[in-house]
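Contents: one structure, followed by commentary.
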Amino acid sequence: MNIKFGSPGPLVHTGLVDADVVVIGAGALGLSTALHCALAGRSVTVVERHTAGSQASGRAAGLFKSVQADELRTGLARRSIEKAASFADWAGVPLEVARPGSFLIARTAQHREYLRRELAQSVRWGADVREASPAQLAGGLSYYRAAGGEFALWCPEDAYIDEPASLVRAYLDACKLHGAAVLENEPAVGISLTDGRVAGVETAGRPIAARAVVDAAGGWVRQVAELAGARVPVAPVRHQLLITAPVPEVDPADPIARVVDAAVYLRPARGGLMLGGFEAGPLPLDPRQQPDSFSTDDVPLDLGVLREMAGQVGAEVPVAGSAPVAEHRGGLFTMSPDGRFVAGPVPEVPGLWVASGCNGSGFSSSPALGEALAAWITTGAAPPGMTALAPGRFGPLPDDELVTRGLWQYAHYYDPMAPERV
Ligand SMILES: Cc1cc2nc3c(=O)[nH]c(=O)nc-3n(C[C@H](O)[C@H](O)[C@H](O)COP(=O)(O)OP(=O)(O)OC[C@H]3O[C@@H](n4cnc5c(N)ncnc54)[C@H](O)[C@@H]3O)c2cc1C
């Protein structure tokens, strides 16, 4: 269902922050959608329960990955890299992006085959991905001691943003520049409907009239949708990473490495090494079953999970297990049953839109996903391929199946077509 501006019903302005579009949630997905709506000439207000970027987005590893499991996600990922790298040109504020490229590494026969398939399809979908020679891998990563039997891909387009707060800051500055209001410490507590259609948002402090409301509440996206009687098909799942103290073994200019059979990622960070990964037995965590005050600070972290991952790459990356841990952080992914974003109009509530189903890539895909969603909201026409991400695509799905499928997607983040993990 496409909701166009100019659709029936006058917008009754009741206060200074009334807007064409109200976005609930000032994480990467909400801020990008807001910014792109503002760039399209719409009045935009963002309401944020805490402070902008304080939840998942401010804790991300900051990795951008050009190799994705389907053509749509490959296109969004590559467009996002391009937009992040040229942020100042289109958004008007600077953003620093490290572009050292990445290695995708397989140490088992099965994952070798898997990467070969990814290579063929990614090239077909336009990504610049090449087979890396053993010498290139051995000489290309100071923190990785190649065993010699690996199969590796070189992905020169891949990038990272060192401190995730800098993308949030850039979105905020760009929102301000282009006239979008961001109201922090202002939780949405209601979504008002007129004749079944969205009419605005109630915050703890005031009503805000709007023709379109975007639910971009991250791990809280289901609670927020429920305010309008809608259901968003995602399961929040814990994700964590660590950063070691500065160590001489890591060259700050090193590329990113992803060891796909161990589902571990690594990159230089603050003079040390960042390690994160996807455990085979992930922890689902539904904020709807937590106290109202629940925030990302309350997500239970378990360093043991990361130590186990460090052990899985211990022979190749000894520093991951031996260096002191300087930071351990985590938060929630919103996993969908098919591993794809959940973005578009909510079928049962005209005027309500969703920007979610990050599946662990919401930070890096936010530039292109926000752009596409804003185009859909402001023109009423879905950009090519985007209907595949529509929130209604799963039909009624019981919660236990939603969680089971979301957990599977999480555990198979790097190998959604490969059945086994080491
Ligand atoms: C440790 C970690 C590492 C990660 N690494 C990467 C990575 O390398 N690359 C990548 O692409 N992604 C990564 N991710 C995933 C990425 O962080 C998420 O996909 C992305 O941040 C999701 O953005 P969001 O805007 O949906 O959610 P959030 O950033 O969580 O924003 C949602 C916002 O909604 C607000 N909110 C909730 N309820 C309400 C309400 N009622 N009213 C108003 N506001 C409300 C919240 O306070 C929050 O600020 C990582 C995540 C974690 C936890």
Side-chain angles (χ1 to χ4, degrees), residues 22-34 46-65 68 73 76-77 80-81 84 102 158-161 164-165 167-168 171 182-191 201-204 213-227 232 234 236-243 256 258 265 267 269 274-278 285 287-288 292 294-297 299 301 306 327-335 341-343 354-367 369-370 410 413:
V22 170
V23 176
I24 301 173
L29 290 177
L31 289 173
S32 177
T33 306
V46 183
V47 296
E48 164 56 46
R49 188 167 70 124
H50 300 291
T51 52
S54 60
Q55 306 301 305
S57 299
R59 314 191 189 214
L63 302 171
F64 289 63
K65 181 171 184 276
Q68 297 286 333
R73 277 179 284 174
L76 288 169
S80 287
I81 293 172
S102 83
D158 285 4
Y160 67 84
I161 290 178
L167 177 63
V168 174
Y171 278 138
V182 180
L183 310 176
E184 297 182 308
N185 300 306
E186 184 142 352
V189 295
I191 295 176
V201 168
E202 302 281 331
T203 73
V213 169
V214 183
D215 178 358
W220 296 262
V221 69
R222 291 193 65 178
Q223 275 123 300
V224 167
E226 283 167 4
L227 296 173
V232 178
V234 299
V237 176
R238 179 186 68 185
H239 182 72
Q240 343 172 49
L241 61 79
L242 64 78
I243 300 174
I256 302 155
R258 297 179 172 94
Y265 58 80
R267 74 156 169 93
M274 177 185 287
L275 174 144
F278 303 84
L285 210 170
R288 293 177 311 157
D292 282 352
F294 176 82
S295 80
T296 304
D297 292 337
V299 172
L301 300 184
L306 294 169
E327 180 167 327
H328 175 204
R329 65 183 191 233
L332 297 175
F333 283 4
T334 48
M335 301 304 298
F341 300 106
V342 176
V354 172
S356 187
C358 80
N359 288 283
S361 303
F363 181 88
S364 56
S365 292
S366 62
L369 197 61
Y410 182 95
Y413 183 83

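Below, each value reflects all heavy atoms present in this structure, side chains not excepted, and no hydrogens, waters or symmetry copies. Bear in mind the structure is a predicted one, so any value in this text is a computation, not a measurement. Ligands are counted one by one from 1 in listed order, and the atoms in each one are counted from 1 as well.
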Proximity to ligand 1 by part of Thr203, non-hydrogen separation under 4.0 Å: neither
Leu29 vs Phe341 side-chain heavy atoms within contact, under 4.5 Å: no
Close approach, Pro187 and ligand 1, non-hydrogen under 4.0 angstrom: yes
Ser364 backbone acceptor or donor facing Ser80 side chain under 3.5 Å: yes
Whether Ala216 lies under 4.0 Å from ligand 1, heavy atom: yes
Check: Gly330 N/O within less than 3.5 Å of ligand 1 N/O: no
Which segment of Ser295 sits under 4.0 Å of ligand 1 when only heavy atoms are counted: neither
Which of the ligand 1 atoms, numbered from 1, are nearer than 4.0 Å to a heavy atom of Ala28: 25 (O)
Top protein contact for atom 53 (C) of ligand 1, by heavy-atom distance: Gly331 N, 3.3 Å
Structural part of Phe333 in contact with ligand 1, heavy atom criterion under 4.0 angstrom: side chain
Atom indices of ligand 1, in the order listed, that fall short of 4.0 Å to a heavy atom of Phe363: 10 (C), 11 (O), 12 (N), 16 (C), 18 (C), 19 (O), 20 (C)
Audit row: Leu183, Thr203, side chain to side chain contact (heavy atoms under 4.5 Å, CB included) steps and yes/no: CA-CA 10 Å; Leu183 310 176; Thr203 73; 5.9 Å; no
Non-hydrogen atoms of Ser356 and Gly218 that approach each other most closely: OG-O, 4.4 Å
Per-atom contacts, ligand 1 versus Leu63 - under 4.0 Å to a heavy atom: 7 (C), 8 (O), 9 (N), 10 (C), 11 (O)
Contact partition for Glu48 relative to ligand 1, non-hydrogen atoms under 4.0 Å: both
Pairwise distance OH(Tyr265) to CG(Leu63) - rounded to 0.5 angstrom: 6.5 Å
Distance in Å, Ile161 CD1 paired with Phe64 CZ, rounded so as to fall on 0.5 Å steps: 4.0 Å
Stepwise side chain to side chain contact (heavy atoms under 4.5 Å, CB included) check, Leu227 with Val189: CA-CA 7 Å; Leu227 296 173; Val189 295; 5.8 Å; no
Polar contact flag for Ser364 and ligand 1 (N/O pairs, less than 3.5 Å): yes
Atom 30 (O) of ligand 1: the protein heavy-atom neighbour that sits closest, reported with distance to 0.1 Å: Ala56 N, 3.1 Å
Residue and atom name of the nearest protein heavy atom (relative to atom 18 (C) of ligand 1), distance in Å to one decimal: Cys358 SG, 3.7 Å
Minimum side-chain heavy-atom gap Arg49-Trp220 below 4.5 Å: yes
Shortest heavy-atom approach to atom 3 (C) of ligand 1 - which of Ala61, Pro164, Gly58: Ala61
Residue pair Arg267, Asp158: steps toward the salt bridge (Lys or Arg N to Asp or Glu O under 4.0 Å) verdict: CA-CA 12 Å; Arg267 74 156 169 93; Asp158 285 4; over 6 Å; no
Shortest protein contact, atom 1 (C) of ligand 1 (heavy atom only): Arg59 O, 3.4 Å
Within-4.5 Å side-chain heavy-atom neighbours: Arg329 and Ile243: yes
Partner of Thr296 under side-chain hydrogen bond (donor to acceptor under 3.5 Å, both in side chains), chosen from His50, Gln55, Arg59: Gln55
Nearest protein heavy atom with distance in Å, relative to atom 2 (C) of ligand 1: His239 CD2, 3.4 Å
Nearest non-hydrogen partners of Leu31 and Ala52, listed with the distance: CD1-CB, 4.5 Å
Proximal atoms of ligand 1 relative to His50 (non-hydrogen, under 4.0 Å): 47 (O)
Protein heavy-atom partner closest to atom 38 (N) of ligand 1 - residue, atom, separation in Å: Trp220 CB, 3.5 Å
Spatial distance of atom CG (Asn359) from atom CZ (Arg73) [nearest 0.5 Å]: 7.0 Å
Stepwise side chain to side chain contact (heavy atoms under 4.5 Å, CB included) test for Ile24 and Ile191: CA-CA 10 Å; Ile24 301 173; Ile191 295 176; 4.2 Å; yes
For Gly25, atoms of ligand 1 separated by under 4.0 Å from a heavy atom: 33 (C), 34 (O), 35 (C), 44 (N)
Close approach of Gly360 to ligand 1, heavy atoms, under 4.0 angstrom: yes
Atom 44 (N) of ligand 1: the protein heavy-atom neighbour that sits closest, reported with distance to 0.1 Å: Arg49 N, 3.0 Å
Gly62 N/O under 3.5 Å from ligand 1 N/O: yes
Contact atoms of ligand 1, heavy-atom distance to Val224 under 4.0 Å: 41 (N)
Atom 23 (O) of ligand 1: the protein heavy-atom neighbour that sits closest, reported with distance to 0.1 Å: Ser57 OG, 3.3 Å
